[in-house]
Each structure stands twice: as C-alpha cells, then as structure tokens.
> 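Take this structure first; my questions come after.
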Protein chains: 2
Amino acid sequence: MGAEAERAAGGREEWADVTPDAARRLVSAAVEAFAERGYHATTTRDIAGRAGMSPAALYIHYKTKEELLYRISGIGHEQALRIMGAAVAAEGTATERLGDAVRAFASWHAEHHTTARVIQYELQALGPEHYAEITDLRRRTDRALRQIIQDGADTGEFRADDVPGTTLAVLSLCVDVARWFSADGPRTPDEVGALYAGLVLRMVGAETV
Amino acid sequence: MGAEAERAAGGREEWADVTPDAARRLVSAAVEAFAERGYHATTTRDIAGRAGMSPAALYIHYKTKEELLYRISGIGHEQALRIMGAAVAAEGTATERLGDAVRAFASWHAEHHTTARVIQYELQALGPEHYAEITDLRRRTDRALRQIIQDGADTGEFRADDVPGTTLAVLSLCVDVARWFSADGPRTPDEVGALYAGLVLRMVGAETV
DNA sequence: CCGCGCACTGAGCAAGCGCTTAGCGAACTG
DNA sequence: CAGTTCGCTAAGCGCTTGCTCAGTGCGCGG
C-alpha cells in the first residue's frame with residue numbers, strides 16, 4: 001500500500017498496533033495535522049475534526065495533546081530504530097550493510113515523510129521526561145549506524161578519520177529527507193534511497209563498482 | 001565577535017542594518033525565542049520582554065508577529081545566498097569552489113545556528129506571499145550550488161550522474177547543521193565546515209589530496 | 001519656558017485555546 | 001426487559017493569545 005492510499009485509509013498499516021479504531025484514527029489525524037502546520041499551530045479541535053469526532057472525544061483516548069505527540073514519536077522512532085538495527089545486525093561487509101542501512105533509512109523517511117517530519121522536527125514540544133525517553137531511542141539509532149561505520153573503518157573498507165562526525169552527517173542527511181520530500185516531487189522513495197546509498201558510500205570512501 | 005558575545009550584545013553585528021535600535025533589539029529577541037520554542041509557541045509578550053519592552057511596543061516597529069518572522073527570514077536568507085553566490089562566482093576549479101562553498105555554507109549554519117534554525121524550519125508560518133518571496137531566495141541559492149556541481153560534472157572533475165539530486169543532498173546536509181549544532185557541543189563551526197567540505201568532495205567523486 | 005512629536009506603557013478587548021463535565025443513546029449483561 | 005457500561009457529544013470554563021488604544025513622559029525646536 002502506498003503512503004497516499006494508506007493515509008486515505010486512516011493509516012491502517014502504519015499505526016496497526018494502535019487500538020481501538022477511534023484511537024488509531026486520532027493518531028493518524030494528528031500526524032497529518034502536526035506535519036502540515038506543526039504541533040503548536042494544530043488545535044485539538046482540528047485533530048478531532050479530521051478524525052470525524054467532537055473535540056471532547058480526543059480526551060477519552062488520550063490525556064493530553066502532548067500525549068498524542070508522545071505516542072506518535074514513540075512508535076515512529078521505534079520503526080526507525082528497527083530499520084537501522086536490522087541493517088547493523090545483518091550479514092555482509094560493512095559496505096553492503098551501510099548501503100542497505102542508508103537505502104532503507106532514507107527511503108523510509110521519504111515514504112513516511114509525514115510521520116518522519118513530526119517525529120524529527122516536533123520533538124521539542126514534548127514534556128521533559130517524554131523528551132528524554134525519545135532521545136534515548138535516537139541515541140540507539142545513532143549507535144547502530146556508528147557501529148557499521150566503525151566496522152568499515154576498522155576493516156579498512158572506509159576512509160573515515162572522524163567516525164562520530166561522519167555518523168552525524170549521514171544520519172542528518174537521511175533525516176532531512178523528511179523536510180524536503182514531497183509525494184508530488186520527481187523522485188520516488190526508492191529512488192531517494194538508491195541515490196543516497198550511493199552518495200554515502202562515496203562519502204565514506206568505500207570501494208564501489 | 002563570536003555568536004555568544006554577539007547575542008549578549010543584542011545581535012549588533014548580524015542585524016546591523018536593522019534600525020532603529022529598538023527594532024533591532026526586537027529582531028534579535030524574536031530570533032532567540034523562535035529558535036528556542038518555535039514561532040507558534042512564542043508569544044509577543046515573550047519577544048517584547050526579552051527586548052526589555054512592554055508588549056505593545058512591538059507593534060510600533062512591526063505590524064504583526066508574522067512580519068517579524070518575515071524580516072528575519074529575508075535578512076537571513078540573503079546572507080545565506082550571498083555566501084553561496086560568492087563561492088560560485090569565485091575563481092578556481094569546481095573542486096576548489098565546491099569545497100569553499102560547503103565550508104562557508106555549513107559553518108555559517110553552525111555559527112548562526114539560532115538564525116538558521118528559524119529561517120530554515122519556521123518558513124511554513126509565513127503568509128502565502130511572504131512565503132513565495134522567501135522561496136525565491138532559496139531557489140537562487142540552490143541554483144548557485146547546482147551551477148558549481150554542474151561545472152564539475154562538465155569538466156569531469158566530479159562523478160555526478162544526478163546533478164539536481166546531488167545538489168539537493170548537499171544543500172540538505174548543510175542546512176540540517178542548524179538543527180543539531182550546539183555551541184556546547186564538541187565541534188566548532190570551522191571544524192564542521194572542514195569536515196563537511198571533505199565529505200561532500202568525496203560524495204561528488206572529486207580528486208582530493 | 002512652552003508646546004509639539006513620538007517612542008513607549010497600562011489596561012484591556014475579542015477570539016481562540018486546551019480541557020472538563022453533565023448527560024445521552026446504543027450495546028451488552030443477567 | 002431493567003440495569004449497567006461506555007463511547008461519544010453539547011456546552012462551556014478559565015485562561016492566554018495577538019493586537020489596540022488612550023494616555024504619559026521625555027527630548028527638542030523655537
């Protein structure tokens with residue numbers, strides 16, 4: 001299912017483990033609204049309206065508007081971490097694993113650019129303890145990617161003098177896809193993934209064919 | 001003058017051509033507040049308070065809160081465009097010019113990360129016609145960078161199959177510095193510029209020493 | 001010393017915000 | 001078929017928001 005069809009279906013796939021149905025419709029509506037206008041510019045009335053409910057219905061499923069953002073951030077970052085974690089744990093050379101990691105991570109940010117925009121750019125709206133929790137997930141994603149790059153540097157596959165700096169740059173490059181990507185643009189998510197995988201492999205000085 | 005000292009001085013250097021003094025203090029206060037909390041989460045009372053004025057004083061110098069953001073965006077993007085434009089117009093090989101452009105552009109986004117964060121991530125809060133004006137400045141920055149990369153591809157210095165895509169990636173990489181950079185972090189703006197210049201030159205397949 | 005201009009303030013208005021509460025109707029339980 | 005539960009709504013509370021306006025004090029030309 002493409003991102004557009006999925007959105008029309010209320011994010012059935014992406015938010016599959018949010019139940020009951022009304023709670024899922026609210027998450028899906030909130031993601032859309034937050035991505036479009038930003039967290040602070042989005043009203044609870046707008047979210048409830050998009051989900052086809054009255055404003056008060058939101059508070060049956062979520063204590064506050066911030067809790068909605070927290071749930072979205074948690075689920076989204078767990079998906080992102082899972083993608084990166086799978087790549088680091090996979091078989092293959094560091095070059096293969098880095099290419100796969102970037103391809104998957106960048107194309108996820110394109111395919112799910114609505115969700116990605118919210119979880120990457122609305123973090124500061126979280127309360128302090130929720131923020132700390134999410135930051136931990138981000139640190140784990142960073143550590144996974146750094147592991148691959150460190151492996152490549154150790155085996156001599158990569159030419160990376162500054163491993164943390166290179167990791168930061170690669171992560172930053174992929175994350176920022178969420179900011180500029182548009183479904184109406186000339187590139188498909190897979191094309192973005194392929195382009196970025198090639199760019200990053202050259203960036204770390206890997207031998208490419 | 002470093003960014004910290006300059007902020008303490010009310011952005012005297014960065015906003016030098018904003019007059020009178022009260023208007024400059026307001027711009028400077030607004031940039032700080034917008035960068036910290038985001039446009040929509042910032043109140044006019046907060047901006048005026050930081051500038052040492054009553055809430056009403058803001059409206060003597062600016063018609064609306066949005067106009068403040070517009071002024072900031074205009075000045076900031078003009079600075080960014082000037083940096084990129086200087087690099088494209090400079091003498092030298094494409095490799096040298098791209099290296100200089102990325103070094104200057106990335107380190108500007110680090111040094112002025114407060115301003116950069118506002119002009120790069122709060123754009124959507126602008127009204128439609130102001131948004132269109134700012135978008136035009138951004139397009140010109142993009143065109144300048146693309147010119148350098150195209151030059152390098154033409155002379156055979158660079159290996160870039162997808163020039164617009166590569167341009168987008170390089171720009172995205174530099175812009176995103178504003179999101180993660182912190183003055184308390186381990187890297188100085190100059191170090192970020194040097195790191196990024198090296199990464200980007202490898203990314204485009206330039207021959208480096 | 002007067003009086004004008006003007007940057008600025010104190011007080012506050014209308015609108016919109018996040019969130020609460022009382023109550024309703026359909027669905028399930030015994 | 002009465003009683004209970006539960007998802008949901010209509011109405012609205014208390015507060016904050018962007019912004020306004022009458023008035024104030026200060027500097028400056030005459």
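The chains referred to below are lettered A, B, ... by the order of the sequence lines, with proteins before strands, and numbering in each begins at 1. It should be emphasised that the depicted structure is a prediction, and the values quoted were computed from it without experimental measurement.
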> Please encode protein proximity along nucleotides 9-22 of chain C as a string of B, S and -, counting only heavy-atom distances under 4.0 Å.
BB-B----BBBBB-
> Are D142(A) and R139(A) close enough for a salt bridge, meaning some N to O gap below 4.0 Å?
no
> If every non-hydrogen atom of Y131(B) is compared with every non-hydrogen atom of L123(B), which pair is closest and at what distance?
CD1-O, 3.5 Å
> Under 4.0 Å between a side-chain nitrogen and a carboxylate oxygen: does that hold for D100(A) and R97(A)?
no
> Can you find a pair of side-chain heavy atoms, one from Y59(B) and one from T44(B), that are under 4.5 Å apart?
yes
> In whole angstroms, how far is the C1' atom of dC6(C) from the NE2 atom of H61(B)?
10 Å
> Tell me the interatomic distance from Y62(B), atom OH, to dG18(D), atom P, rounded to whole angstroms.
17 Å
> Starting from P on dC19(D), measure out to CD on E67(B) and report it in whole angstrom.
10 Å
> Using modelled atom types only, decide if a donor and an acceptor are shared between the side chain of Y62(B) and the backbone of A23(B) within a distance under 3.5 Å.
yes
